[in-house]
Amino acid sequence: MQERMEELIKIVNEADYNYHTLDNPTITDQEYDKYLRELEEIEMEHPEWIRDYSPTQHAGGKIIDSFNKVTHKIPMMSLSDVFSESELIAFDERIRKEGINPKYMCELKIDGLSVSLLYEKGKLVRAATRGDGTTGEDITHNAKTIKSIPLKLTEEVDIEVRGEIFMNKKTLEEINKEREKSNQPLLQNCRNAAAGSIRQLDSKVAAKRKLDNFIYHLPNPEDYNITTHSEAIEYMKHLGFKTNPNNRLVNNINEVLEFIEEKGEIRESLPYDIDGVVVKVNSIADQRKLGFTARYPKWATAYKFPAIEVLTKLSDITFTVGRTGQITPNAVLEPVIVAGSTISRATLHNEDYVIEKDLKIGDIVSIRKAGDVIPEVVEVKKERRTGKEKDFKMITNCPMCETPLVKKEGQVDYYCPNNKCPARHVEGLIHFVSRNAMNIDGLGDRIMEDFYNFGYIGNIADIYSLKEHEKELKRLEGFGDKSINNLLEAIENSKSNSLERLIFGLGIPNVGEKTAKVLAIKYRNINNLINTTEENLTNISDIGPIIAKSIIDYFNDDHNKAIVEELIDLGLNTEYLGQEIEENESFSGKTFVLTGSLTIFSRDEAEEKIESLGGKTSSSVSKKTSVVIVGENPGSKYEKAKDLGIEIWTEQEFKDKISS
């Protein structure tokens with residue numbers, strides 16, 4: 001019977017591959033159902049025989065408590081964007097200046113979410129989201145439900161591949177029909193639906209969403225003796241991965257432009273959403289020669305299709321208050337679908353922006369999603385005016401606390417000067433829990449607004465007393481025992497954050513993330529910072545008089561000091577937990593700039609090491625730069641350093657200096 005089970009696994013897996021990957025069914029639905037049912041019966045009778053590569057494992061069933069973090073061994077970098085033919089030609093010219101005569105692989109840019117798949121001896125062991133490029137989330141339990149992701153490869157190979165998880169248009173349509181019948185909110189577009197599905201804790205939910213996948217990247221092709229990207233695509237296809245049949249290898253930039261024009265014309269008829277075309281240099285050797293910037297590969301770019309514009313009515317203009325007191329006008333629109341998303345609001349930035357566009361309440365305006373993401377008002381259709389439109393008037397008092405607004409000299413924005421304004425308070429709370437501050441997962445913008453309005457959280461210290469409202473939370477929609485426990489655990493874990501996160505989270509005016517790190521390294525604990533002087537602060541090279549005054553004013557405020565003291569009493573860490581600074585004459589007091597592709601250290605590791613030895617880093621080369629550290633394929637920063645006579649180290653020299 002065990003031999004029959006293995007035979008059935010092979011039959012059904014091959015049928016899945018032919019149907020979902022090759023789009024070429026080789027057996028009837030009835031035959032497929034018969035084999036699958038027989039396999040399920042054997043596995044039910046002998047659960048100890050179940051293989052992790054059995055097609056029954058695609059059905060889902062695993063439930064997790066939360067998503068674990070995953071560190072990518074090779075960073076998952078994003079791509080630079082270009083929006084015009086001239087920018088694409090400039091991209092090609094930059095490559096040719098390096099003495100390269102490239103062939104390009106053109107690929108459709110699928111509107112989904114990136115995924116990394118890791119296999120050991122041919123078996124899927126981990127799937128992870130891109131995250132910030134360095135750290136993603138483990139989504140293995142949901143990835144296994146996607147039938148175009150093989151659980152077992154055709155070879156017993158150790159390999160990591162990358163691709164895109166997406167939802168087909170027809171699938172979205174079918175799901176929404178069912179949701180409509182049961183009076184559930186409709187899923188807005190394929191991308192959001194795919195992202196929401198892959199982040200389900202219950203894999204059965206993801207399985208019902210019938211997600212799909214294309215694989216498009218092998219991050220270490222040389223390890224498999226592969227010399228071109230097109231060979232890598234064929235090799236991954238041979239292993240059983242689904243690759244996009246629309247990929248095309250072309251000989252020059254003119255053929256790239258022809259491909260873009262051709263695919264732009266059939267964009268709407270494709271079974272999935274695309275928002276552009278990815279263009280990659282085909283030769284792996286040329287890719288390595290071109291290298292990377294800090295964020296992007298220099299050998300690839302993404303051409304984004306022009307944003308789709310639609311018309312709608314500007315019903316009203318309302319005003320919001322940010323955490324710094326900045327007043328922002330916002331367009332209230334008659335709901336309209338733009339590139340698959342329902343848009344009802346868009347920012348109007350400031351008074352000058354509204355006046356420049358000559359917007360009136362009641363106007364018909366064109367809306368587009370900038371970069372297919374952020375909604376914006378493009379222009380008013382003046383020929384559609386009826387005379388009933390109302391002129392825009394900038395408010396003079398805060399919409400929340402009625403305090404008269406002020407406009408700072410030389411600036412276009414109005415501000416509410418009331419530090420105790422409720423709206424500023426909510427924005428400050430949202431900032432405190434945000435990802436780059438205290439990073440409390442589960443406290444999104446809307447939830448923070450609700451908790452503030454319900455009276456659960458009045459200041460940042462109240463976040464750490466939220467457990468007292470556990471009974472009330474259980475009465476709220478969407479808050480079960482598990483989600484409440486996860487939220488309270490995330491709040492408790494945030495107490496262990498290093499000092500720089502707390503400083504940034506406090507929302508001190510003019511103190512950004514980098515300045516917060518400088519202050520944490522310098523003062524080591526919060527009390528040292530509270531008791532410092534303006535003169536002491538301005539002696540720090542990165543702190544000017546405006547920032548210094550902001551810090552002193554903040555901690556001179558009795559209300560702010562009381563909040564910080566309460567946070568200390570609640571058990572929040574107030575010490576810097578990073579590396580201790582070791583004074584080193586090669587680094588202490590010097591400013592370093594990194595350029596080119598580093599191979600010994602990651603950029604973050606290099607910057608952290610420089611700071612731990614008393615130096616600081618900068619993103620640009622100037623006369624104040626002490627040393628420029630160059631990796632492979634350095635760019636204009638290297639040339640500028642030579643022109644200015646600045647000391648230059650190779651990455652190996654940098655390593656030697658650290659060792660010494």
Side-chain angles (χ1 to χ4, degrees), residues 81-87 108-112 167 169-170 172-173 176-177 179-180 185-195 260-277 302-320 327-395 399 412:
D81 291 332
V82 295
F83 298 91
S84 66
E85 181 176 311
S86 60
E87 288 180 303
L108 299 185
K109 188 173 184 297
I110 310 298
D111 200 6
M167 180 178 284
K169 295 175 184 176
K170 187 177 179 181
L172 179 68
E173 185 179 328
N176 275 339
K177 282 181 182 177
R179 292 176 75 88
E180 193 170 19
L186 302 186
L187 303 178
Q188 289 291 332
N189 56 56
C190 291
R191 192 200 182 285
N192 290 352
I260 289 171
E261 183 178 359
E262 174 191 321
K263 299 308 176 186
E265 290 175 356
I266 66 166
R267 178 183 181 187
E268 295 303 317
S269 65
L270 290 168
Y272 42 78
D273 286 333
I274 63 171
D275 58 2
V277 169
Y303 171 84
K304 302 297 285 290
F305 289 126
I308 299 172
E309 293 186 21
V310 299
L311 299 183
T312 189
K313 187 176 183 179
L314 175 59
S315 302
D316 199 1
I317 295 176
T318 60
F319 299 87
T320 54
I327 306 297
T328 302
N330 297 274
V332 179
L333 307 163
E334 285 190 354
V336 61
I337 296 176
V338 185
S341 298
T342 300
I343 304 300
S344 59
R345 289 183 179 270
T347 179
L348 296 175
H349 304 291
N350 52 58
E351 179 189 31
D352 288 0
Y353 182 90
V354 180
I355 293 171
E356 181 185 328
K357 290 192 176 290
D358 190 22
L359 296 175
K360 297 176 186 286
I361 296 170
D363 272 335
I364 300 299
V365 294
S366 64
I367 306 297
R368 72 179 174 197
K369 291 171 76 177
D372 273 6
V373 178
I374 304 167
E376 66 177 2
V377 175
V378 181
E379 64 179 0
V380 60
K381 300 299 180 182
K382 295 182 181 179
E383 68 277 10
R384 300 280 297 271
R385 282 180 172 165
T386 64
K388 296 180 180 179
E389 294 78 17
K390 297 178 183 178
D391 290 337
F392 164 77
K393 287 186 179 179
M394 186 64 197
I395 56 174
V412 297

So how far is it from [X] [atom1] to [Y] [atom2], rounded to the nearest 0.5 Å?
| X | Y | atom1 | atom2 | value |
| --- | --- | --- | --- | --- |
| Ile327 | Ile395 | CD1 | CD1 | 5.5 Å |
| Leu172 | Lys177 | CG | NZ | 11.5 Å |
| Glu265 | Ile260 | CD | CD1 | 12.5 Å |
| Leu108 | Ile274 | CG | CD1 | 4.5 Å |
| Glu376 | Lys357 | CD | NZ | 7.0 Å |
| Leu348 | Phe392 | CG | CZ | 8.0 Å |

Closest non-hydrogen atom pair, [X] against [Y]:
| X | Y | value |
| --- | --- | --- |
| Val377 | Ala331 | CG2-CB, 4.2 Å |
| Glu351 | Pro329 | N-CG, 4.3 Å |
| Met167 | Ala193 | SD-CB, 3.6 Å |
| Phe305 | Lys263 | CZ-C, 4.4 Å |
| Ile361 | Ser315 | CG2-O, 3.2 Å |
| Asn330 | Thr347 | OD1-CA, 3.8 Å |

Does the [X] side chain pair with the main chain of [Y], one donor and one acceptor, at a distance under 3.5 Å?
| X | Y | value |
| --- | --- | --- |
| Glu87 | Glu85 | no |
| Thr328 | Thr320 | no |
| Lys169 | Glu268 | yes |

> Can you name the one residue among Val82, Asp81, Asp275 that meets side-chain contact (heavy atoms from CB on, under 4.5 Å) with Tyr303?
Replying inline: Val82

>> Under the criterion side chain to side chain contact (heavy atoms under 4.5 Å, CB included), I'd like the reasoning laid out for Leu314 against Glu389: C-alpha separation, chi angles, the key distance, then a yes or no.
In response: CA-CA 10 Å; Leu314 175 59; Glu389 294 78 17; over 6 Å; no

> Taking NZ, NE, NH1 and NH2 as the nitrogens, is one of them in Arg385 or Asp363 under 4.0 Å from a carboxylate oxygen of the other?
Replying inline: yes

> Could you go step by step and tell me if Lys381 and Glu379 meet the salt bridge (charged side-chain N to carboxylate O under 4.0 Å, His left out) rule?
Replying inline: CA-CA 7 Å; Lys381 300 299 180 182; Glu379 64 179 0; 2.7 Å; yes

>> As a quick check of understanding, evaluate side chain to side chain contact (heavy atoms under 4.5 Å, CB included) for Arg384 and Leu311, giving each step before the final call.
In response: CA-CA 11 Å; Arg384 300 280 297 271; Leu311 299 183; 3.8 Å; yes

>> Tell me if the NZ atom of Lys313 is crowded by more than 12 foreign heavy atoms within 6.0 Å.
In response: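 It does not: Lys313 NZ has 12 such atoms or fewer within range.
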
> Passes side chain to side chain contact (heavy atoms under 4.5 Å, CB included), Lys360 versus Asp391? Steps please.
Replying inline: CA-CA 5 Å; Lys360 297 176 186 286; Asp391 290 337; 2.4 Å; yes

> Under the side chain to side chain contact (heavy atoms under 4.5 Å, CB included) criterion, do Asn189 and Asp111 qualify, and how do the steps go?
Replying inline: CA-CA 10 Å; Asn189 56 56; Asp111 200 6; over 6 Å; no

>> Less than 4.5 Å apart, side chain to side chain, heavy atoms only: is that true for Arg345 and Val332?
In response: yes

